[in-house]
Amino acid sequence: MEGLGVLEEMGELTRRGEPFALATVVWRQSPSSSQPGARAIITAGGELHGWIGGACAEPVVIREAQHVMAEGTARLLLLGTPEQFGAAVPDGMTVIPISCQSEGALEIYIEPVLPVPHLVIVGDSPMTRTLASLAGALGWRTEEIRGPDFTPEAADGRSMIVVATQGHDDEDVLERAVAARPAYLGLVGSRRRGATVLGYLADRGVPRDQLERVRVPAGLDLGSTTHQEIAVAILAELVQLRASGALASGALASGAPASEALAARPDARPALVIDPVCGMAVSADSSRPVRHEGTDYYFCCAGCRQAFEQDPDAYVKKETRC
């Protein structure tokens, strides 16, 4: 594969959203078999398509290309023996000794070509429009789809889906989203609403391991927020998960907030209590209860928890059991 063949392969991998690295020979020392401008594509699986040199160079380039893809940072390599370069190696270049019988040398630039994040937002509201605008500013490929128009084919295993249908057929839309098996799936809504939706889907036979991947509520917990701030919280969670590698590694398969929501299904529902600050009914299995005078108090958000901690006596008498 040379010239146009490499370019065509790059286009095909990009279309499929698959990561790869592009290796380009920028300098050679005779009698190396490669030539300046020679290029090759290295896939995430370690396959090399194209030509950058013979058997001495290929294994090194493949190994370094996989490091480049994992780190997301380009590298400039000098392949040869240290004696060939001495003290003339500029900063930022990496010398990798190779024992090639031809005694040639190569300078190869390897750059990662990573797929643009794909975000599918299901719903139509000021929050969804804000989220789409913010994701677009990051250069993400973003699609806004109305709930009735969403199908599993709109996403794949590398996509991120945020369901924000706000009570309009949440169950049906989320079931279709689960079927897409995306890298991320979040439901916008309260934990209580999430528990109801996930419990319904569990009763319909949706596998529990798939439901446990659903993040509910979607986004980082920023306390009491506006619709626009909810969009920021969701985007912040997505950026955090991508940066940590959780989306690529499948780490969301367990430990997601959905695990707590499923625990609140009607057949195993914990007691409901009243948030002593705002009066909202919350589950008694909520995380981080505050113990005051021997009693645990639960809250709908961090803001209520903070208000209670500052002056518990002002709210204690309001708490009643459901």
Side-chain angles (χ1 to χ4, degrees), residues 118-132 135 142-221 225 227 230-231 233-235 237-238 241 247 250 252-272 280-287 300-301 322:
H118 180 215
L119 175 62
V120 178
I121 306 168
V122 187
D124 183 14
S125 69
M127 190 285 294
T128 62
R129 291 189 284 275
T130 299
L131 179 57
T142 305
E143 297 180 64
E144 295 180 78
I145 304 176
R146 294 175 59 253
D149 300 331
F150 173 76
T151 64
E153 290 71 30
D156 58 29
R158 292 178 293 272
S159 303
M160 299 170 287
I161 302 178
V162 174
V163 175
T165 41
Q166 303 294 302
H168 297 286
D169 298 320
D170 291 347
E171 294 83 357
D172 290 339
V173 172
L174 189 62
E175 185 172 13
R176 279 177 265 150
V178 167
R181 295 181 176 271
Y184 171 96
L185 176 54
L187 175 65
V188 177
S190 67
R191 289 184 184 275
R192 186 177 183 183
R193 174 60 181 162
T196 300
V197 172
L198 294 172
Y200 174 82
L201 293 180
D203 290 339
R204 287 186 57 169
V206 178
R208 186 183 184 90
D209 64 328
Q210 295 183 32
L211 295 178
E212 286 181 342
R213 297 179 62 89
V214 182
R215 309 281 290 195
V216 53
L220 300 180
D221 183 2
T225 55
H227 289 294
I230 290 173
I234 294 172
L235 186 64
E237 180 179 62
L238 295 176
L241 292 171
L247 299 186
L252 298 186
S254 62
S259 300
E260 299 172 11
L262 280 171
R265 290 183 55 197
D267 56 356
R269 180 179 296 167
L272 292 179
M280 179 181 290
V282 297
S283 170
D285 72 341
S286 302
S287 61
C300 68
C301 65
C322 291

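- Looking at every heavy atom in both residues, Asp156 comes nearest to Arg158 through OD1-N, 2.9 Å.
- Between Arg215 atom CZ and Ile161 atom CD1 the span is 15.0 Å, to the nearest 0.5 Å.
- Scored by the side chain to side chain contact (heavy atoms under 4.5 Å, CB included) test, Ala218 finds Tyr184, Val188, Ile234 as partners (sequence neighbours excluded).
- Summarising the geometry, atom CZ belonging to Arg176 is positioned 7.5 Å from atom CG belonging to Asp169; distances are rounded to the nearest 0.5 Å.
- By the side-chain hydrogen bond (donor to acceptor under 3.5 Å, both in side chains) test, Glu144 is found to be paired with no residue, residues two or more places apart in sequence or in another chain being considered.
- Rounding to the nearest 0.5 angstrom, the gap separating the OG1 atom in Thr165 from the CG atom in Asp170 is 3.5 Å.
- Listed here is the closest heavy atom pair of Leu198 and Leu211: O-CD1, 3.6 Å.
- Between the CE atom in Met127 and the CD atom in Gln166 there is a gap of 6.0 Å [rounded to 0.5 Å].
- The two atoms that bring Ala164 and Thr128 nearest to each other are CB-CG2, 3.7 Å, heavy atoms only.
- Considering only heavy atoms from C-beta on, His227 stays 4.5 Å or farther from Thr130 through its side chain.
- Annotation: the span from Leu201 atom CG to Thr196 atom OG1 amounts to 11.0 Å, rounded to 0.5 Å.
- When every heavy atom of Val216 is checked against every heavy atom of Arg191, the shortest pair comes out as O-NH1, 3.8 Å.
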Derivation of the side chain to side chain contact (heavy atoms under 4.5 Å, CB included) call for Leu185 and Leu174: CA-CA 9 Å; Leu185 176 54; Leu174 189 62; 3.9 Å; yes
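- In this structure, the side chains of Arg129 and Asp124 come closer than 4.5 Å at one or more pairs of heavy atoms.
- Among residues two or more places apart in sequence or in another chain, the side chain to side chain contact (heavy atoms under 4.5 Å, CB included) test is passed with Thr142 by Leu119, Ile121, Ala132, Ala135, Trp140.
- For Glu143, the side-chain hydrogen bond (donor to acceptor under 3.5 Å, both in side chains) partners two or more places apart in sequence, or in a different chain, are His118.
- Taking every heavy atom of both residues into account, Gly194 and Leu187 meet most closely at CA-CD2, 4.1 Å.
- Not a single side-chain hydrogen bond (donor to acceptor under 3.5 Å, both in side chains) links Arg181 to another residue, sequence neighbours left out.
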Would you tabulate the side-chain donor-acceptor contacts of residues 147-154 under 3.5 Å, counting partners in other chains and residues two or more places apart, or write 'none'?
unit_1: Asp149; atom_1: OD2; unit_2: Arg146; atom_2: NH1; d: 3.0
unit_1: Thr151; atom_1: OG1; unit_2: Glu153; atom_2: OE1; d: 3.3

